[in-house]
Structure formats: C-alpha cells, structure tokens
Amino acid sequence: MAVSLYTVVIDAHDLPALAHFWSQVLDWKVVFEAEDEITIGADEFSLPGITFVPVPEGKTVKNRLHIDLTPDDQAAEVERIIGLGARRADVGQGPEATWVVLTDPEGNEFCVLRPKETLLD
C-alpha cells in the first residue's frame, strides 16, 4: 500500500493570520477554510499542504518538528520573510550555521537554508 505526505498541521491561535503569513512566504493560497481549520497549498491538487487548527494553549518550548525552506538567495529571502512578520531566533545554531532560524508570528521556528537542488545537498 502506498502512502503520501498530505499536510503538515500547525497549531495556531489566529488561524487566518498564520495562514496568510505562510501563504505569502510560500506563494500559496488558501484552498480550504472553515472556523476550525484552514488549509493552504500551491493549489487544491498539489500535495502536500499546510493545515492550521485552533488550540487554546500558547507555544512554550522549541518545536520538535519544523519547516526548512530553500531559496535561490538566502539573504534576500530572510529579509523578505522578516518583512512579512517573521523574527530571527537563536536556538543554539551557532555562528558557523549555514541556515537562518526564524519564527513565524506565533513563535513557530523554521529555517531558511542555503540554496539546495536535491535532498542530499
């Protein structure tokens, strides 16, 4: 039996705001919206997507799972994403790191990597 990655689910307080942020970051669109769930994706037929669901508690510790982005130009992309509402974060990555750690508007960490062409780069 085959299986595919369908969506990554992110807990959120303000679903529309977080969905809007990530839609801008990834140049995706909202493909489904309800009071208790918003899903974004490149389009409704492209997998995977990201789904935002409401939770009452706030984020208290570093994420155990995070998103890695690989842009054409790391420095330019970091500045663009910060302009959308992200913030730089120090999770102990050190000065030799080839990636930049940011947080989304609700504090979820993610990384902007150097340009990569394969999963082995």
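Note that this is a predicted model, so its numbers are computed, not measured.
- The side-chain heavy atoms of Leu18 and Asn108, taken from C-beta on, include a pair separated by under 4.5 Å.
- A 4.5 Å side-chain heavy-atom check between Leu113 and Leu69 finds every atom pair outside the cut-off.
- Counting non-hydrogen atoms of neighbouring residues, nucleotides and ligands closer than 6.0 angstrom, the CG atom of Asp68 exceeds 12 such neighbours.
- The side-chain heavy atoms of His66 and Cys111, taken from C-beta on, include a pair separated by under 4.5 Å.
- Within 6.0 Å of CD on Glu44 lie more than 12 heavy atoms contributed by other residues, nucleotides or ligands.
- Residues Arg87 and Leu102 form no side-chain contact, since every pair of their non-hydrogen atoms from C-beta on lies 4.5 Å or further apart.
- Hydrophobic cluster membership of Val53, counting Ile, Leu, Val, Met, Phe, Trp and Tyr whose side-chain heavy atoms lie under 4.5 Å apart directly or via other members: Val9.
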- Query: Yes or no on ring pair (Phe, Tyr, Trp, His ring centres under 6.0 Å) for Trp99 and Phe110, after CA distance, side-chain angles and deciding distance?
  - Reply: CA-CA 10 Å; Trp99 61 91; Phe110 64 98; over 10 Å; no

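- Side chain of Ser46 to backbone of Ala42: no donor-acceptor contact under 3.5 angstrom is found.
- In this structure, Thr7 OG1 and Phe52 CZ are separated by 9.5 Å, a value rounded to the nearest 0.5 Å.
- Residues Glu109 and Val91 come closest through the heavy atom pair CG-CG1, 4.1 Å.
- Electrostatic pairing of Arg114 and Glu77 does not count as a salt bridge here, judged by no charged N lying under 4.0 Å from a carboxylate O.
- The OG1 atom of Thr98 lies 7.0 Å from the CD atom of Gln74; values are rounded to the nearest 0.5 Å.
- Residues Pro54 and Leu15 form a side-chain contact, since some pair of their non-hydrogen atoms from C-beta on lies under 4.5 Å apart.
- Annotation: Glu57, atom CD; neighbour count of heavy atoms from other residues, nucleotides and ligands within 6.0 Å is above 12.
- One N or O on the side chain of Lys116 and one on the backbone of Asp121 form a donor-acceptor pair closer than 3.5 Å.
- More than 12 non-hydrogen atoms from other residues, nucleotides or ligands lie less than 6.0 angstrom from NE2 of His13.
- Taking the side chain as every heavy atom from C-beta outward, Leu5 and Leu47 never approach each other to under 4.5 Å.
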- Given side chain to side chain contact (heavy atoms under 4.5 Å, CB included), test Trp28 with Ile50 step by step and report yes or no. CA-CA 10 Å; Trp28 285 4; Ile50 299 176; 3.9 Å; yes

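- A 4.5 Å side-chain heavy-atom check between Ile40 and Phe32 finds every atom pair outside the cut-off.
- Taking CH2 from Trp22 and CD1 from Ile38, the interatomic distance works out to 15.5 Å, rounded to the nearest 0.5 Å.
- Cluster annotation: Leu26 and Leu84 are assigned to the same hydrophobic cluster (Ile/Leu/Val/Met/Phe/Trp/Tyr, side-chain heavy-atom contacts under 4.5 Å, transitive).
- Between Pro105 and Gly85 the shortest heavy-atom distance is CG-O, 4.0 Å.
- By the neighbour-count criterion of 12 heavy atoms within 6.0 Å, atom CG of Asp27 is sparsely surrounded, having that number or fewer from other residues, nucleotides or ligands.
- A donor-acceptor pair under 3.5 Å is absent between the side-chain atoms of Ser4 and the main chain of Tyr6, judged by distance alone.
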- Let me see the working for Thr51 and Ile10 under side chain to side chain contact (heavy atoms under 4.5 Å, CB included), right down to the final yes or no. CA-CA 6 Å; Thr51 299; Ile10 298 177; over 6 Å; no

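- One hydrophobic cluster, built from ILVMFWY side chains closer than 4.5 Å, cannot hold both Val101 and Val112; they sit in different ones.
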- Message: For Glu79 and Arg88: C-alpha separation, side-chain torsions, deciding distance, then whether salt bridge (Lys or Arg N to Asp or Glu O under 4.0 Å) applies.
- Response: CA-CA 10 Å; Glu79 292 310 310; Arg88 288 183 180 269; 3.4 Å; yes

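- What you find for Lys62 and Lys59 is that their closest heavy atoms are CA-NZ, 3.8 Å.
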